[in-house]
Every structure is written in structure tokens, then in C-alpha cells.
Number of protein chains: 2
Amino acid sequence: MTKSPTVYDVAAAAGVSTATVSFTFRNPGRVKESTREVVLAAARKLGYVPNVSARSLARGRTGTLGLFAYDFLWNAADRRVPAGGTLPESHLLQGEPYDDFRLFPVYLDEVQRGFELECWRRGFEIILGGRKDGLSESIITEIAGRVDGLAVFPRRLPAETLAHVARRIPVVEFASGDDGGDYCHITADNASGMEMIASHLMSEHGLDDFVYVSSASNADSEERRGAFNSVLEGSGVKLRPDLAYAPATIKPELSRLIDAGTLPQAFVCASDIVALEVIDALGALGVPVPGSVAVTGFDGVVAGAVSTPGLTTVRQPMSEIGRLAADMLIARSSGETSDNKSVVLPVRMIVRGSCGCG
Amino acid sequence: MTKSPTVYDVAAAAGVSTATVSFTFRNPGRVKESTREVVLAAARKLGYVPNVSARSLARGRTGTLGLFAYDFLWNAADRRVPAGGTLPESHLLQGEPYDDFRLFPVYLDEVQRGFELECWRRGFEIILGGRKDGLSESIITEIAGRVDGLAVFPRRLPAETLAHVARRIPVVEFASGDDGGDYCHITADNASGMEMIASHLMSEHGLDDFVYVSSASNADSEERRGAFNSVLEGSGVKLRPDLAYAPATIKPELSRLIDAGTLPQAFVCASDIVALEVIDALGALGVPVPGSVAVTGFDGVVAGAVSTPGLTTVRQPMSEIGRLAADMLIARSSGETSDNKSVVLPVRMIVRGSCGCG
DNA sequence: CTGAAAGCGCTAACAT
DNA sequence: ATGTTAGCGCTTTCAG
């Protein structure tokens, strides 16, 4: 932590040139066995740690991929950690973020895991972005300039910012659509997924009265809704207004339907998390699922598997999505130019109890 | 992706010097409003993205903290966590890492989350290390040289490697003990936790015949075992041999005890994961928990909350541990030298059903 | 308030 | 097989 040794120090200590030191680490085959040993010994003795910033600068690439996620536990981020010492009692008694097991792992976590595994497998490091404020600035000034490629979750950044970054490094967004932007897209087959759900509900359960529910509106949610509506139209089922709720307003929304006596036969939800919230709210309002009404999700997160009733849903190949992103970024950052800028991965339906099966 | 614009390009386009460009971003107060606008306009037009490697090199610090974790999934082949418990067969999905919901989030995930949140709050980026092979080499050649501080999970790296790295940047290990190494330690209060478990088992349930179970042996596990044994000795309870099992051998081990008719009244486990494996194995051998024997865990991971029976355990303040690590690293990397190199955080007991309560 | 210029530590031609 | 050396792009005194 004082002045750290550099290639020059190692070179001097080993009685060789800096080039030889560099080769010893970067290109061992180019130095004689004996000299290499001398260099390594000197490096070890001095406690040499190569400066990767300098290396990246000289080489023109960083060996790092960025993943720009959001963290929905951000609210907890304001709690402060006392600088050293022990933790006040109050920090322990209050709930920790994971007290609700449903929060983890969600879609994002599984995609991230796939991304990590692929990066590590390929010898890349990962830099995790997630800063809350000044997002669009910081991604340019803090992240983009130190990675060879960047994967971002949707709705985090203005298209303009992404385009800016994409002028310099390959970018892949976990969302559908390749219109305009000069970056890649990876997404699951929302349309097929929704078609499976719709036909299951209609064919297996003979239902024909649905309400589509979503929380935050995004490209995926819209695609799913569109696909669902298409199936209904194709079958001559009448469309009902969607239920788009803001956080925490789901219960009054459902309450209204109940009071009006217009509860549908099934709530088709834009995501598993939405579905679980709907099921909870319905339960609190005295409406059993699937007894009185069916509910379906989308994503296939773990929470839907361990909930009661189990959630009927469509599972995205989340870790594959993450792996593929890393793969595409690595390929493109090293010059390979394939033209499949948009990839849609297949999904699979999982039937559990919430639709009325089993 | 062609030649990216640099400060020189921006400076030329804006008709100023590179110093002014740099100041515009790094120290906006030093440039006149009007020139700053000219520079920003030029930067935007050219699609300028500052090269962070160059910045880090020039400044001597990176604004990045490293977290060197291991990934459960890397070991999925040799280490299996049972999928029994409450999860019906039909809920399992094949081929995806998250098929076993018990795998997430574990201790490591929660610590990591806390680390991330604190880093982001403080304006630091995170680099995630996890490469499986050549660990001790890669941490030196690939990670240490590009971060301002490094947090590592225990048992991943030889002390020698950590010491090497610690000569250059502050290092904190998530384990107890500050003997020798020149790096920090953060851990939970293993002793108090085990004392709580021991006295609960003895006072509330009147038990006096225990077997301590652990899988991988590490500092934490040893500390917990020592504390447990101390309590027993202090109470005049006779000590029985520990049960240290290798992955997948837990069932035969337990089987042996059963056949010998020497099943204890309670299995006190070194971690929640161990406890869950023990409960599963006992169940498979026809020994109900807590009916015939009590079982306790340690950690407080989510899996223990959603399992059947619920796991009686001690919860570590995991996310606080992660936050504190980031906090200490940031402080030390910026020269603050506090002397509390070892921090022990308080724990809390969580009584659920596996001990016989409820 | 702005410019000139000396590094930061490493890499990779190009020489020897 | 090894040495010389010119950058890589940015920051930051020090002058002006």
C-alpha cells in the first residue's frame, strides 16, 4: 500500500528488461525457462501485482464485461453501516432484505447468474453496475469506458444513452425489438408463451373470461399482452380492460371488481411476481385461488414453485439468456460480426395448481 | 467500435486543450460555464466515452472494489443439496441451475448483496471474481491490479496469496481470526450463537445428548464447535464424537448411528445447509424431525425459513457483513487507518420447529 | 480560467 | 531470446 512495485522494479530486480517481465506473464513461451523463473521469483519477492488499468490501456481491451442491473432492494440502501465496531441492536431486529424469500431469486438474478458463469468460463471479469442516481451519466462515464461489452436490463436507460455507448462497445439489451438502436436484443418468446397459457386456460379449463394484469409497463409486458389479446380475438372471446396497477394498489383494484361482481374467471398476469401479488391480495379479500378464480404468471421464478398454490406459468430460459448475452458480447468485442442482432429464446409452460389443475 | 474519440478529439472539436476537457468532467467548477457547454456538446456529438483504464492509471485508483466469491453452481457436480422438503416433485424443473430453490439465496448471496448496495451507495463499482481454476494466480494477475480493495470468502485462497495481495490493497476476509495476515476479518459472533442454541436445547427442551455435525471444515465451523463444546463441558454434559461428513455420505453416517442405537437427542449442525441435509437424510431413514430427534442449524438462510419443519437456527447479519466489508475497504483504500481489523457482528436466534418448539 | 507537458504502468512492434 | 522504445488516454501540477 506504499508504492507498489512495477514492471520496472521487477525488471531491475531480475536483471532483465521490462519487455521480458511482460512476456513472462503474458506470453510465457517467449522467454527461456531459466529467465522466467528468475522473473517470477523477483515478482514474488517484491509482491508484484500487475496494474490492470495500465494493461488495459496498452492493449486496448479490458477483459471485462459489464452488467447493468437494477436492484429492487434499493430502498434498503439508505441504511447506514456504522464505520467499524458492532452493529446497533436496531439493525438486527428490523427485517433484512431477505426476510421475504420471494424476493430472490427473481428473473434478474437468474439471468445474472448465467452471465457470470459464461464470463468466468471464458476468462472474463464482470463489472456490476447498479448505481441509483444519475444512471445515464454514470453508465457512460463510469462503466462503458472500462468494459469490452455491456449487457443491460430494460427500462434502465434512455435509448439515447444506449446508442451513445453502443458507438464504442457492443451492447445487448434484455428486451425484444431491434428497431433503430445499434445494439443487440435477447428475449424470451413471449408470444408463444402467452399462447400456451391462453390455450391451456381455454381448452383445458373451458374458461372464456379473462383480465390481464400488469404492474410496470415494459416491452415484454406489452408483447405478452398483445399475444394474449390476439389469441382471444382469434377465438372470439371478448376482451376486457386490462388491470394495470401501481405498487400497493392491487388490493383496492381487485376489491372494486369483487364489489362490482365482475371478477373474471382468470387473471392472466404479466409476470410471476404480479401473479403472486394478485394471489395474495385475492386471498386477503376472501377469494380462494384456484377455487374461485384462476391465476397464471410468466417467468418461472423460484417463488412460483414454492408458493401455495404452485404457480402455473411459462418459464424463460433465464440463465441461457444471460449466457448468450455474454457470448454475443465477447464475440462482437473481438471483431466477429454476426448478423443475428436479435435473438428470441424458446419458453416452456409449467402447469401447477394456480390455474385449477392438479 | 471503430476508433473511439479521446480527450484529444473532443479538445480539438471544442477548440480547447485536453486539460479543459478533463476538467469539464472531473472538476466542472474549474471551467467557465460557456466553455463547459462547448466541451459537452463536442463530447456528445463525437460520442465520447472516457477511457476508465487511462483514468485509473493516471489517478492511481480505480473506484472499484473486488468481491471474490465462489459459485455454488461451480461445485454442483460434486456437491448436491437435497431437493426434498416441501417442494413437490412436480415443481422441479430440469436443466436449470435454480431447480433446487434451496440453493438460493445462501449465506454468500446475502453477503454479496450487502456488499453491492454499499458499494453503489458510495459510488464504487464492483468487480466480481469467481473463476474456478487457477484461482490464486488469477486473483493476483486479473483482479487485484484493478481494484482499490478486495473482499474474499474464506477457504478460497491460500493465505500466502492473500498476503501477497494485501501488500498492495486492503483485503478483508469473511472469516474470524486476525492472526498473522495483514488483512481484515469480519465474522458473526459464532460463540454467542452457539451458546444460545445450546442453552435453548438444554433449558427449554431438557436435552443432554448431542452430536455436532459439520461438512467442510473451516474456521467458522471450528469456532462454532468449540463454543458448543464449551457450553456442554460447563454444564457437565458428556461430549460425543462429532460427525464430519463428506458430501453425499451423510446418509450412511446416520444409518450407522441408527443401527447402533446411538442416535442422539439432537443434531447440532454447523450450518443451515448441513442441517437441511441432515433432516432430509433422517427423513429418508424413517426418523422424523423433530419427532424423534431435534436438529438445529446456523446462518439463517432463506431455505431454513421455507422448509418443513422450519429450521431453528441463528441468523447472521449477512447483508450487514457485506456492507461493513465495503465500508472498511473504502476507508482503508483512501488512507484511513483504523485499528479494528477484526470485527465480530452480533447474531440472533430464530426458533422454529426443528428443535421441537411449536 | 486555460494550456503545456510530464507522467501513470504496461504492451508490442521492431531491433539486436 | 531479450532489449529499446513509442505509445495507450487521461490527470494534474505548473505556467501563463
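Quick note: numbers below take in every heavy atom, side chains included, and nothing from hydrogens, waters or symmetry partners. The structure presented is a predicted model; accordingly, all values stated were derived computationally and were not measured.
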For this session: Please name all residues satisfying side-chain hydrogen bond (donor to acceptor under 3.5 Å, both in side chains) with T187(A), sequence neighbours left out, ordered by chain then number.
Result: D220(A)

Problem set entry | Partner residues of T64(B) under the side-chain hydrogen bond (donor to acceptor under 3.5 Å, both in side chains) criterion, sequence neighbours left out | R146(A)

For this session: Mind jotting down which residue pairs meet the salt bridge (Lys or Arg N to Asp or Glu O under 4.0 Å) criterion with at least one end in residues 13-25 of chain A? Sequence neighbours excluded, please.
Result: none

For this session: Check DNA chain C against residues 19-26 of chain B and give the residues with a non-hydrogen atom under 4.0 Å, in numerical order.
Result: A19(B), T20(B)

Exercise. Can you name the ring pair (Phe, Tyr, Trp, His ring centres under 6.0 Å) partners of F174(B), sequence neighbours left out?
Worked result: F153(B)

Pairs: protein N or O with nucleotides 6-8 of chain C N or O, under 3.5 Å:
from	atom 1	to	atom 2	distance (Å)
dC8(C)	O2	A58(B)	N	3.4

Roughly how far apart are [X] [atom1] and [Y] [atom2], rounded to 0.5 Å?
| X | Y | atom1 | atom2 | value |
| --- | --- | --- | --- | --- |
| T161(B) | H164(B) | OG1 | NE2 | 8.5 Å |
| D9(B) | L46(B) | CG | CG | 6.5 Å |
| L67(A) | L128(A) | CG | CG | 5.5 Å |
| E116(A) | S319(A) | CD | OG | 11.5 Å |

Within the 4.5 Å heavy-atom criterion, are [X] and [Y] side-chain neighbours or not?
| X | Y | answer |
| --- | --- | --- |
| M328(B) | V343(B) | yes |
| Q112(A) | L108(A) | yes |
| P50(B) | R55(B) | yes |

Exercise. What is the distance, rounded to the nearest whole Å, between atom CG of N27(A) and atom C1' of dA12(C)?
Worked result: 10 Å

Problem set entry | Boundaries of the DNA chain D segment in contact with chain B, non-hydrogen, under 4.0 Å | dG9(D) to dC14(D)

Exercise. Hey, does the side chain of R168(A) reach the backbone of V49(B) with a donor-acceptor pair shorter than 3.5 angstrom?
Worked result: yes

Problem set entry | Residues which pass side chain to side chain contact (heavy atoms under 4.5 Å, CB included) with A326(B), listed by chain and number, not counting sequence neighbours | L65(B), F115(B), E118(B), C119(B)

Enumerate, atom names and distances included, each donor-acceptor pair closer than 3.5 Å involving a side-chain atom of residues 18-34 of chain B, sequence neighbours excluded.
from	atom 1	to	atom 2	distance (Å)
T20(B)	OG1	S17(B)	OG	3.4
T24(B)	OG1	T20(B)	O	2.7
E33(B)	OE1	R36(B)	NH2	3.3

For this session: Rounding to 10 degrees, work out the angle separating the end axes of the helix from dC1(C)-dG16(D) to dT16(C)-dA1(D) (five pairs an end).
Result: 30°

For this session: Pull out every residue in residues 33-41 of chain B that has a heavy atom closer than 4.0 Å to any atom of DNA chain D, ordered by number, or say none.
Result: none

For this session: Identify whether any heavy atom of V52(B) sits under 4.0 Å from a base atom; if not, whether one sits that close to sugar-phosphate; answer base, sugar-phosphate or nothing.
Result: nothing

Seminar exercise, completed: side-chain hydrogen bond (donor to acceptor under 3.5 Å, both in side chains) pairs touching residues 44-54 of chain A, sequence neighbours excluded, are none

